[in-house]
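Structure first, then comments.
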Amino acid sequence: MLFTSAKFFVLLAATVLACSIVRPARRHVVLLAASYAFYGVWSMPYLLLLAGATLVAYGTARLIDAARTDAERRYALVAGVLILLATLAAFKYSGLLASLAFAAGSEHAASVFSRIVMPLGISYYTFKLLSYVLDVYWGKMEAERNLTVFALYPAFFPQILSGPIQRADDFLSQIKRPIVNDPDAITSGLRLMLFGYFKMRVVAGLLAPIVNQTFAEPHVYSSWAVLVASYAFVFQLYADFSGLTDIAIGTGRILGVESPPNFNMPFTAPNMQALWRRWHMTLTRWLADYVFLPLRMALRSWGTFGIAVAITVNFIAIGLWHAASWTFLAFGLLHAVYMCVSVFTLPRRDAFFARYPALAIGRRVWAPLVTFQLWTISEILFRADSLSHAGTVIVSILAFRTSGLGAPGSLALAVSAVAIMEVVHWIQAREQGLRILHAMPIVPRWCLYYACLFAIMIFDQQDSTGFIYVKF
Amino acid sequence: MFRLIVRLAIFLILPALVIALAGWVLHSSGELESDDAFVQMRRESRPFLWGTAYSDTSGYQKLRTVQAEAPEIITLGSSRVQQFRDEFFNGRFFNAGSGSYLQFDDLLAFVRRIPVGGEPRLLIVGLDHKFFNARWTSRVDDPFNPHTPERLWWTMVRVRWSDVYRDYFAGKFSIADLTHTRPDGVRRVGLQAVARNRGYHDDGSYTWDWWESYDRDLREIANDEDVYVYGSGISDETMAELEILLTECQRRGIHVAGFLPPFAPPVYQALKQRRGQYGYMFELPARLAPVFERLGGSFADFTNPARCDIQRDGFYDGQHASSPGYRRLWRCWTESDPRLLRFSSSAAHAATRHETATREGPSSGK
């Protein structure tokens, strides 16, 4: 079940209705039933996998809690983490495992792995469960005793497809509070969903043909067209993913759960560190807390080199989290290089611009532009089917070819949609913007909502775009 | 909370009305009819016109009809054969031509799906020139793929509602078209049929009662575009497919009559002037004739409309001859190939003679 299907809206309406009927303290049962129905409609066997992973994390945390020695706690942790990671690897990297099995001469194993379909949201719920187990082990939170309350954490249907990756203590503390229907929160959630659908269906939908057609045959397009498509992909991915996130956060808000933000105007970031703090924020924070920082602490005796290793491992993990492919590995490595250069040169750059304040004004303009260019280059790797395909795209841009086809699709319409999206982001990012929206008389406010709604309805073309981030 | 629900309901009234009105237009015009309704309506004696504006599954409908009814005479090809009418023939006829057949392979696939025992006696195949152009490329969708009920109902309304309004405000149809029934007793399905009287007749032929122009054809010729893409070589692949089709038909006792359809006089002249760029087109008759002769079929080249004296009024546009144009072509063909004469109705010949006499005027008899 996807967020655009009629079934989703029926389920959401039924869940809200059921939540308003049952006692507030029992709402988690309704939400769990709805979440399992959401997932079960897609696949019953994979629903069992989700339930199994939930039980593993629940049991591991309880064992850690009950352990009497550090060794017992460690054994429980290692066992639980290994089971969760092995399950994730077996399903998410089945393609790679099939290739390895084939290379090793085991055709039977290769055929078994190649038949595996990746369960929806497995990366997201596994990361949630891992963070929970680790947080319990590190004593950041106590193990949850109520299984139905805990089972809702990985399964919560607004978040299961594409995050945000909410931390267990934040989520469980909200669920355990009696949730009351708050009309303001519901209105705010609906508004966020509306903007999310606008981004996903209108903005990403308009950019998709430009990107898909050009990336399919970059050699037949002019360099300008390929460059435009590269920029278009950056915004397509952003619109698609942040749109999905808005729908997830909006849906959660309607159901009484506040989710963490995942984006904060990333393309205005002045450097790569800042950009990664604003892009897929919950994943970045997860990896920083559970990969980078432990590694950084373990390698602190190595000095600067230790930091570089920790950064590299962290970004390789980000790349491979998307999929086990050379393009995502290259994406991760490129960002590791970006980040190392950025981290190690930032103090000197800051000192330089402190000495020349006149130049610092210009820095405010060009720093986000340079950062955006670097990001766009890396996104070519993200979009390409293979390294050679990425090479063809980059060569097509650098060839400065004036002949060839122009950018396909309606560029003017797509640029307008991106501009509207950025205005929406600007409003969302500022308290003042939201206050202006709230204070607007009902007629212009509804006109704005209708404009969004009708744009979605007009540009909604038979799932022509698909969701990019759901597949991760 | 109650106030919120009421406001939400009020907010949704407008989009719901917009969608509902478009849904009503689609429903009442017949756009949402199931594709199998075409075959069912053929079983009823009442004449009909099937002209959906937002979907075209004519490939599927034509195949289903042939499979269900086993007509004795079939015309098969692209939109350029759709003007052959029932009245031309002596025998149970069905025009299986469809604009969704974009390559010769589609015709071969059609023939292969004719059930054993249900073979026609005569299969007239429109050898659309573009099929034989080695440079011609088209999509690879299956033209025999039917709409599923889901696609036809909710998806159609969801995807096409804005087209309904666009077409309404462009004046392509009016509400009166949907609420009034024409007194001719013909059942009309689809907005094209209801509002513009266009669509597939019950004999499978297409009613195309408007004059386009040659502009588009001449522009495409000048620009090396679309069906007029230049080409010097004949596609070996299509020639091989033709041989397979003829062999299969010979084996199954189907007489195949293949023809190169005519172009309108100005378009033919423009093509001739670019003979160098359309090398494949002018080589075709010499390549096709021996193949048909070897495999026992009839073949005729009507590329030049002057061959059957089809003049400007015999065309809807540069490449689609009208029904009178095809009547003339059919008569011309049966006169030159006696094997086809037994399939021809005398009424068609009489009509052609009458039309010729009317056009040539009183002095023509001198």
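Please read these numbers as outputs of a predicted model, since none were measured by experiment. Sequence lines set the chain letters: A, B, ... in the order given, protein chains first and strands last, and positions in each chain run from 1.
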Inset, instruction - Flag the one option from A:Y449, A:F454, A:Y450 with the top tally of heavy-atom pairs under 4.5 Å to chain B. - result: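 Option with the greatest count: A:Y450.
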Legend entry - Pair A:F3 + A:F8: ring centers closer than 6.0 Å: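 So the answer is yes for these two rings.
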Legend entry - Part of B:L8 within contact of chain A (heavy atom distance under 4.5 Å):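 Contact with chain A involves the side chain of B:L8 alone.
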Inset, instruction - Please look at B:R7 and chain A and tell me whether the side chain, the backbone, both or neither of the residue comes under 4.5 angstrom of a heavy atom of that chain. - result: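 B:R7 touches chain A through backbone and side-chain heavy atoms alike.
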Inset, instruction - Take B:F38 and B:F48, measure what ring pair (Phe, Tyr, Trp, His ring centres under 6.0 Å) needs, and give me the verdict at the end. - result: CA-CA 9 Å; B:F38 186 92; B:F48 68 85; 5.3 Å; yes
Inset, instruction - Check whether more than 12 heavy atoms from other residues, nucleotides or ligands sit under 6.0 Å from atom NE2 of B:H27, and answer yes or no. - result: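 Open.
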Inset, instruction - Output every pair passing side-chain hydrogen bond (donor to acceptor under 3.5 Å, both in side chains) with a member in residues 164-174 of chain B, not counting sequence neighbours, ordered by first then second residue. - result: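 Qualifying pairs: B:Y54-B:D167, B:D163-B:R166, B:S174-B:D177.
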